[in-house]
Structures are given as C-alpha cells and as structure tokens.
Amino acid sequence: MITELTPEQEARLVVKRDEWIAIGLSTEPTNREAAEEGMRLAYRAAGLEPPTTIYWESSPLAGARKTAALLNETDEPTSEQVRNSLSTACYGQHDAGWLAFYDVWTEFLELEDDPLAGLKQVAKNASWWWPMDEAVVMTDRMVSLSLDRNGRLHNEAGPAFTYADGFSGFYWNGTPVPADLITEGWGFDRIMAESNAEIRRCAIEKFGWAEFVKSAGISPIEKGVPDPGNPGQVLDLYTLPEDVYEEPVNLLVCVNGTQEKDGSRHTFGLTVPAHVKTALEAAAWGYDIPVEEYATIQVRR
Amino acid sequence: MMTMTLAKLEADFGLTYDEHLDREAEIPTVKDAPAPQGDVMIRPVAGLDPATTAVPAEGVAVVRGENGGNTHLLVGKAFFDFREEGLVIGVVTVPNGATALLSHPEHGGFLIAPGSYEIRRQREQKDEIELVRD
C-alpha cells in the first residue's frame, strides 16, 4: 500500500500531468488504425466482442448525429435524438482528465494488466467515440484549438476550436459567445442590447473599456490625474454600470508607458473593486502596494 | 557611468526589441522607487532576504508572454528566487558593482541598481480577481 509519495513519484506527477494535458489538447492528425486497436482492447477488457462495423466521422457533432441515426434507424435523427446520444459517448482525447489520474496509479502500483489500456489508446489517437453492440462510431481530433493563458478557450479573431467538417465554437476567455461578436465585432448599441450579462461583459472587453465609457457617456469620478512615471499622461476613474461583473467595479483608464508602432499610445482599462475611489489608489491597487509609494514612481514603460 | 541604450543592450545581451522603439534613448535605472513594466512591477523593498539563485546566461523568464514571446526577462549578473506570495513572483538581488536588466520586447528595459527588489504581477477585479496578462 502506498501511504506517501517518494520525491521521484512527485516529480512523475508533473510529467504525467503535462503528458495528459497535451493528449487532451492535441490537434495532431488522428491515427485511426491505432485508435481502432485501442477500441478493440477496450471492448475485450469489458468482456465484449468488438464490432467489425466502424464508422468514422470528423467531429463529435457528426459522431452524435451518426450514432442517433443508427440507434433510431433513421437518416434524419431529431435534435432530441442527437442530444440523447451524448449520454453514451466516450470522450477519447477529452477523457484525458480522469484517465491521467488512473494512469499515475497504474504506474506507481506497477499494475501489469491495465484494464484502461484500450481507453487510453483511443484517447491518445482520436476524439469522441460511441461503442455499441453491433457497431462503433469514432471521430477525428479537432484541427485547431486556441486557449488563453489560463487555459480557457479563447480566440479574438476566429473560432477557438474547429473540426475538419467545420464544426467550431467561438469563445472569449472560456465563455461561449455568438460568432459575429468575434468575426465582425459588436458596436455599442448591439452590446447594450445583449441580455446575457456574461456575454455583454465579454463584448465590452473586446470593444475596449476606454472606448466603452466614451460611447456610454459615463462621467468620470476623477479625471486627468497625472500618471506617476508616465510624463504627460493621465489617469481617469469611472464607475461602471452594475451587473457587468458579479461585484460592483470601477474602471481605471490609463495610457501605455510605451509608444505603439505608429507613435500613438495604447489606452486601456483596468477594473478595480468599487470601494477604490481615486485614480491613484486604483493604480496602486493593481499592484497591491500603498498609494503613497505608487506616487513616488519615477518611470513606467 | 556610460549611458545605456537599447542599441547597446541588443549588442551586449543579444536581446531583441520591437523595431519602432527608440534605439538611442537612455535606459532608465530602477533604484529607490517602484517601476511598472506593463503588467509587471519591480519594487525596492528594505530588509528583503537577498535572492541566492544565480541568473543563468540566457536569463530568467519571470513572466512569460501569451504566445511564448513578450516575456519579461531578467538578465545579467544577478540572483533571482521564485517566492510566490500574493502578487509577488520572486525576489531579485543585484550585487554591488553588477549590472542587471529587466527586459521586455515591447516595453524596452530597466537597468536595476544594486540591491534587492520584489517582482510583482498586476491584478484586475472581474468576477474574481484575475492577473493582468498583456
């Protein structure tokens, strides 16, 4: 029995974590042959005879449709039938999260017969799949994936993920958003007409906070405060409308300490808690240092 | 002391900066006051335990940029310990007589005077408090 991990085992956790994250996020071409071999291993591990009829589709959506069509013996499954087929899916590469956990124990306990070997092999080679008695539906990996630095789906210029058949999704820092917000960008009126607060906030972030307060005609609480270390530039502080975030926030609008290529300076907004009432306090809050110390800044870049 | 410029940093440290930045402008030195460099701040703090891990020749990426580029890189004869607490990433110590640099391709560089400093991140209040990533 293992009661404590050795330093070597702890180091292996990091390696295994990264290995399985890479599997889950892989956009490498599908290895159908290896995936099918993994599928057969998984059937046999469950004491079942693997089917010889294998259907390949290019996305989880297409896989769900195909499965619904087979199970309901129809060429045109209803949305409900497609939705129902999701409950019997295996997630292939997207099973990485839980497979990683068992993979570590298989290694640490030196298990010889790994009942999950088949599922792991599918995960390492393909995407979602649907095991059935008489047939199996398997699908290819996504062809593109874009994440933000927190690992959330995010792409400012296009879909955050795509599959070869065109199935794709648009995301802003992990929030699913309408495609036209990303592809065309929303103007102020469209943003304000959005009823979903989370999507509205994403749209404002894409629009730009500084631009947003200007368009919204919000009056600053404080305006034109000299920015320490940034000669000639000023800080403005605004109160944002409620329900943009869960907590009420104020917005500090600042100007970059460095010039852009065209000689202009980028204006940007930083959100601070609403209890922060002056521009200088807001700037100091961002780095969590006393406002008196922030005021002594000589240079900003 | 000789005036340090981006052109000289490129030559001496093998660093590259965005083309439009002024190659001949003097590089500011951080000494007695905090200095923000985009979403990172270098801040002198009295009584810090000096860092003890030598900065390797290729530098230390104290904060990596979104796509691998745009990293805040610490280079030169200095020591840096990762000591993450709150917004603090770590502590940099520059020994007497040494020259060290906090560099960023878009923001240029700061020379760091001998002494010990915190390197901090910047945060924002959203639904939760999040780190700023420029």
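Throughout, protein chains are lettered first and strands after them, A, B, ... in sequence-line order, and every chain is numbered starting at 1.
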Below 4.5 Å from any heavy atom of chain B, which atoms of A:Thr271 appear? Answer side chain, backbone, both or neither. both
So does B:Arg120 pair up with A:Glu293, basic N to acidic O under 4.0 Å? no
Interface check, chain A: of B:His20, B:Arg123, B:Lys31, most non-hydrogen pairs under 4.5 Å belong to B:Arg123
Check the surroundings of atom CD in B:Glu58: do more than 12 heavy atoms from other residues, nucleotides or ligands lie under 6.0 Å from it? yes
Taking all non-hydrogen atoms of both residues into account, name the closest pair between A:Ile297 and B:Ala33 and its distance. CA-CB, 4.3 Å
Assess the residue pair B:His104 and A:Thr258 against the criterion (side chain to side chain contact (heavy atoms under 4.5 Å, CB included)); give the C-alpha distance rounded to whole Å, side-chain angles, the decisive distance to 0.1 Å, and a yes or no. CA-CA 11 Å; B:His104 187 279; A:Thr258 320; over 6 Å; no
A:Gly269 versus B:Glu124, closest heavy-atom pair with distance: O-OE2, 3.9 Å
Could you walk me through whether B:Gln125 and A:Val276 satisfy the side chain to side chain contact (heavy atoms under 4.5 Å, CB included) test, starting with their C-alpha distance in whole Å, then the side-chain angles of each, then the deciding distance to 0.1 Å, before giving a yes or no? CA-CA 11 Å; B:Gln125 177 71 55; A:Val276 180; over 6 Å; no
Taking every non-hydrogen pair under 4.5 Å, which of B:Gly109, B:Pro34, B:Ala35 racks up the most with chain A? B:Pro34
Separation of B:Glu106 CD from A:Arg301 CZ (nearest 0.5 Å): 14.5 Å
For B:Ile129, which atoms come within 4.5 Å of any heavy atom of chain A: side chain, backbone, both, or neither? side chain
Taking all atoms of both residues into account, what is the closest heavy-atom pair of A:Tyr287 and B:Gly38, and its distance? OH-O, 2.7 Å
Highest number of heavy-atom pairs under 4.5 Å with chain B among A:Ile289, A:Asn230, A:Asn250 belongs to A:Ile289
Under a 4.5 Å heavy-atom cut-off, does chain B meet the side chain of A:Val249, its backbone, both or neither? side chain
Below 4.5 Å from any heavy atom of chain A, which atoms of B:Glu130 appear? Answer side chain, backbone, both or neither. side chain
Test salt bridge (charged side-chain N to carboxylate O under 4.0 Å, His left out), reference B:Lys126, set A:Glu198, A:Glu205, A:Glu246, output is A:Glu205
